[in-house]
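One structure is given below, encoded as structure tokens.
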Amino acid sequence: MKKVQVCCIIDDDPIFIYGTKRIIEKVDFCNKIIVYNNGQEAIDGIYELIKTKEQLPDVILLDINMPVMDGWEFLVEFKKLQNLFSKKIHIYIASSSVDPRDIERVKNYKEVSDYILKPITPDDLGKIISATTV
């Protein structure tokens, strides 16, 4: 199976992070996992990766509802960083929200590849691998 080099989880729920990391490791989804607990931490971290020319994530699993900076605010700030690198980063909204407005809102962001309902399953990761050219 193909594999992602770097996967980034942006979520404030330690239980979701723990479970997702376990599934990622079980199916050998990626070589490295980066975790940020909110959108601001993630923007700062990604900016630092760009500055130090370290490897950027191939895939981001992004929660919508977080303190400090939520997923929507992250997407706005992420757009501003995109002119600093050329790599295609695949962003997947990973949310427990079944609110049709959230699902519809995702369509406004060309940076978002898909919307995945939590919890993340091995099947979800397989679909990401199939859709991602790394």
Side-chain angles (χ1 to χ4, degrees):
M1 179 171 95
K2 220 169 46 160
K3 166 175 185 172
V4 168
Q5 288 302 308
V6 181
C7 176
C8 176
I9 301 171
I10 306 172
D11 201 301
D12 64 319
D13 179 357
I15 295 167
F16 172 76
I17 293 167
Y18 175 79
T20 302
K21 284 171 80 174
R22 293 278 313 252
I23 291 167
I24 284 171
E25 289 161 1
K26 182 178 178 188
V27 301
D28 199 24
F29 178 74
C30 65
N31 291 325
K32 180 179 179 183
I33 302 170
I34 302 170
V35 176
Y36 300 111
N37 294 117
N38 63 62
Q40 187 61 59
E41 249 185 49
I43 288 296
D44 294 344
I46 291 168
Y47 181 71
E48 194 58 35
L49 293 174
I50 293 166
K51 228 169 61 175
T52 57
K53 296 183 178 9
E54 289 182 58
Q55 190 170 19
L56 291 169
D58 300 296
V59 171
I60 293 176
L61 302 175
L62 175 65
D63 187 24
I64 296 173
N65 299 309
M66 296 176 286
V68 185
M69 178 188 284
D70 68 22
W72 304 119
E73 294 165 321
F74 168 84
L75 288 170
V76 169
E77 293 305 312
F78 181 81
K79 277 184 184 184
K80 297 174 188 175
L81 286 181
Q82 283 187 303
N83 64 345
L84 302 177
F85 61 90
S86 57
K87 178 180 186 168
K88 168 73 173 142
I89 298 177
H90 301 270
I91 300 176
Y92 290 84
I93 300 293
S95 179
S96 51
S97 171
V98 290
D99 186 333
R101 291 171 298 188
D102 286 337
I103 296 165
E104 194 57 37
R105 190 172 176 186
V106 164
K107 295 174 184 169
N108 296 325
Y109 295 92
K110 65 179 176 39
E111 298 79 15
V112 176
S113 300
D114 206 352
Y115 192 99
I116 301 170
L117 279 177
K118 288 180 178 178
I120 302 270
T121 65
D123 232 22
D124 293 327
L125 296 176
K127 289 175 187 165
I128 290 172
I129 285 289
S130 298
T132 307
T133 316
V134 188

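- No more than 12 heavy atoms of other residues, nucleotides or ligands lie within 6.0 Å of NZ in Lys21, so this atom counts as exposed by the packing criterion.
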In sequence, state the C-alpha distance, the side-chain angles, and the governing distance for Lys79 and Glu77, and then conclude on side-chain contact (heavy atoms from CB on, under 4.5 Å).
CA-CA 5 Å; Lys79 277 184 184 184; Glu77 293 305 312; over 6 Å; no

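- For the pair Lys51 and Glu48, the salt-bridge criterion is met [side-chain N within less than 4.0 Å of a carboxylate O].
- With rounding to the nearest 0.5 angstrom, the CG atom of Leu117 is 7.0 Å from the OG atom of Ser95.
- Atom CD of residue Gln55 and atom NZ of residue Lys32 lie 7.5 Å apart, to the nearest 0.5 angstrom.
- A distance of 8.0 Å separates CD of Glu54 from CD1 of Ile34, quoted to the nearest 0.5 Å.
- Here CD1 of Ile116 is found 6.0 Å from CG of Leu61. Values are rounded to the nearest 0.5 Å.
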Please report the C-alpha distance between Val59 and Ile89 in whole Å, then the side-chain angles of each, then the deciding distance to 0.1 Å, and finally whether the side-chain contact (heavy atoms from CB on, under 4.5 Å) criterion is met.
CA-CA 6 Å; Val59 171; Ile89 298 177; over 6 Å; no

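- Considering all non-hydrogen atoms of both residues, Ile24 and Ile9 come closest at CD1-CD1, 4.2 Å.
- Shortest non-hydrogen contact noted between Asp13 and Asp11 is N-OD1, 2.8 Å.
- Across Phe16 and Ala94, no two heavy atoms sit closer than the pair CZ-CB, 4.1 Å.
- With Phe29 as the aromatic partner, Lys3 does not meet the cation-pi criteria of under 6.0 angstrom to the ring centre and within 45 degrees of the ring axis.
- Taken to the nearest 0.5 Å, the NZ atom of Lys87 stands 8.0 Å off from the CD atom of Gln5.
- When all heavy atoms of Asn83 and Lys80 are compared, the pair lying nearest together is OD1-O, 3.0 Å.
- Between the CG atom in Leu75 and the CG atom in Asn108 there is a gap of 10.5 Å [rounded to 0.5 Å].
- Across Trp72, Tyr115, Phe74, Phe78, a single residue satisfies ring-ring contact (aromatic ring centres under 6.0 Å, His included) together with Tyr109, and that is Trp72.
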